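All figures in this text were calculated on a predicted structure; none of them were measured in a lab.
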Amino acid sequence: MTIQSPTPFPAPRIPEQVSFDRKELGVILSLYGRMVAAGEWRDYGISALREVAVFSVFRRTAENPLYRIEKRPKLRQKQGLYAVIGMDGQILKRGHDLKTVLRVLEKKLIRSVD
């Protein structure tokens, strides 16, 4: 009779790429729709990479992105999971709540009426 040691549970699987979930995309696409209706934005692109998920916003398809909305899970405990980055690479807002971070872009919708 042989005694076998118990087999351990498999380690939690680390995702191969980071992506936005349905709720996050709903919040982002809601803002995107309002900005398209205002004539500010015209195109977008989504990238799901190993360490970051990026939603890029374009005024025209052939240009560099106006803004990048990034999700970096490694920064969850530090500066925050989400960031809005401008065209020049400057971080405009960073935080733990996506809606709060996107408010920096919603300010662009407020215009004075003449």
Side-chain angles (χ1 to χ4, degrees):
M1 180 172 199
T2 59
I3 299 175
Q4 294 181 349
S5 61
T7 56
F9 287 111
R13 190 171 155 249
I14 298 171
E16 295 179 14
Q17 63 185 10
V18 177
S19 61
F20 293 104
D21 63 21
R22 181 181 290 255
K23 186 178 175 184
E24 294 165 337
L25 277 177
V27 171
I28 294 170
L29 290 174
S30 173
L31 172 65
Y32 176 78
R34 291 191 307 259
M35 294 299 264
V36 167
E40 296 291 323
W41 298 349
R42 297 210 175 123
D43 199 9
Y44 71 90
I46 299 176
S47 301
L49 306 172
R50 184 176 299 268
E51 295 182 5
V52 62
V54 181
F55 187 95
S56 302
V57 177
F58 299 89
R59 182 160 301 184
R60 291 181 187 80
T61 306
E63 292 182 350
N64 292 329
L66 291 175
Y67 301 103
R68 292 189 330 251
I69 302 164
E70 293 188 354
K71 175 182 177 182
R72 291 186 182 266
K74 285 189 175 181
L75 297 178
R76 178 181 291 127
Q77 300 298 326
K78 297 178 183 176
Q79 295 112 344
L81 186 63
Y82 305 103
V84 174
I85 301 172
M87 186 186 318
D88 55 355
Q90 181 181 10
I91 297 174
L92 302 176
K93 182 86 171 170
R94 185 183 296 270
H96 299 284
D97 182 42
L98 182 60
K99 289 182 181 180
T100 305
V101 171
L102 292 180
R103 281 189 197 147
V104 73
L105 298 176
E106 289 181 2
K107 291 178 183 176
K108 308 273 183 202
L109 279 174
I110 301 171
R111 295 182 184 168
S112 64
V113 179
D114 295 332

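- At a threshold of 4.5 Å between non-hydrogen side-chain atoms, the residues Phe58 and Asn64 do not count as touching.
- For the salt bridge (Lys or Arg N to Asp or Glu O under 4.0 Å) test, no residue two or more places apart in sequence or in another chain qualifies with Lys78.
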Does the pair Val84 and Val104 meet the rule for a side chain to side chain contact (heavy atoms under 4.5 Å, CB included), with working shown? CA-CA 8 Å; Val84 174; Val104 73; 4.1 Å; yes

Test side chain to side chain contact (heavy atoms under 4.5 Å, CB included) on Lys71 and Leu81 and set out the steps. CA-CA 6 Å; Lys71 175 182 177 182; Leu81 186 63; 4.1 Å; yes

Go through it in stages, so that I can follow the logic: the residues are Leu31 and Trp41, the test is side chain to side chain contact (heavy atoms under 4.5 Å, CB included), and I'd like the CA-CA distance, side-chain angles, deciding distance and then a yes or no. CA-CA 10 Å; Leu31 172 65; Trp41 298 349; 4.1 Å; yes

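- A continuous path of hydrophobic side-chain contacts links Val36 to Ile46 [ILVMFWY only; heavy atoms under 4.5 Å].
- For Tyr32, the ring-ring contact (aromatic ring centres under 6.0 Å, His included) test picks out Tyr44, with sequence neighbours left out.
- Pairs engaging residues 82-91 under the side chain to side chain donor-acceptor pair (under 3.5 Å) rule: Glu24-Tyr82 [sequence neighbours left out].
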For Glu70 and Ile85, what are the C-alpha separation, side-chain angles and deciding distance, and is it a side chain to side chain contact (heavy atoms under 4.5 Å, CB included)? CA-CA 8 Å; Glu70 293 188 354; Ile85 301 172; 3.4 Å; yes

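- With rounding to the nearest 0.5 Å, the separation of CG in Leu92 from CZ in Arg103 is 16.0 Å.
- Note that the NZ atom of Lys99 and the CD atom of Glu106 stand 10.0 Å from one another [nearest 0.5 Å].
- To the nearest 0.5 Å, atoms CD (Gln17) and CZ (Arg50) are separated by 9.5 Å.
- Shown here for Ser19 and Ala53, the closest heavy-atom pair between the two residues is CA-CB, 3.8 Å.
- Between the CG atom in Leu66 and the CE atom in Met87 there is a gap of 4.5 Å [rounded to 0.5 Å].
- Rounded to the nearest 0.5 angstrom, Leu98 CG and Ile69 CD1 are separated by 7.0 Å.
- Here the OH atom belonging to Tyr67 is positioned 8.0 Å from the CZ atom belonging to Arg59, to the nearest 0.5 angstrom.
- Between Val101 and Gly95, the shortest heavy-atom contact is CG2-N, 3.5 Å.
- Minimum heavy-atom separation, Ser56 to Arg68: OG-CG, 3.9 Å.
- Between Val57 and Pro65, every side-chain heavy-atom pair lies at or beyond the 4.5 Å cut-off.
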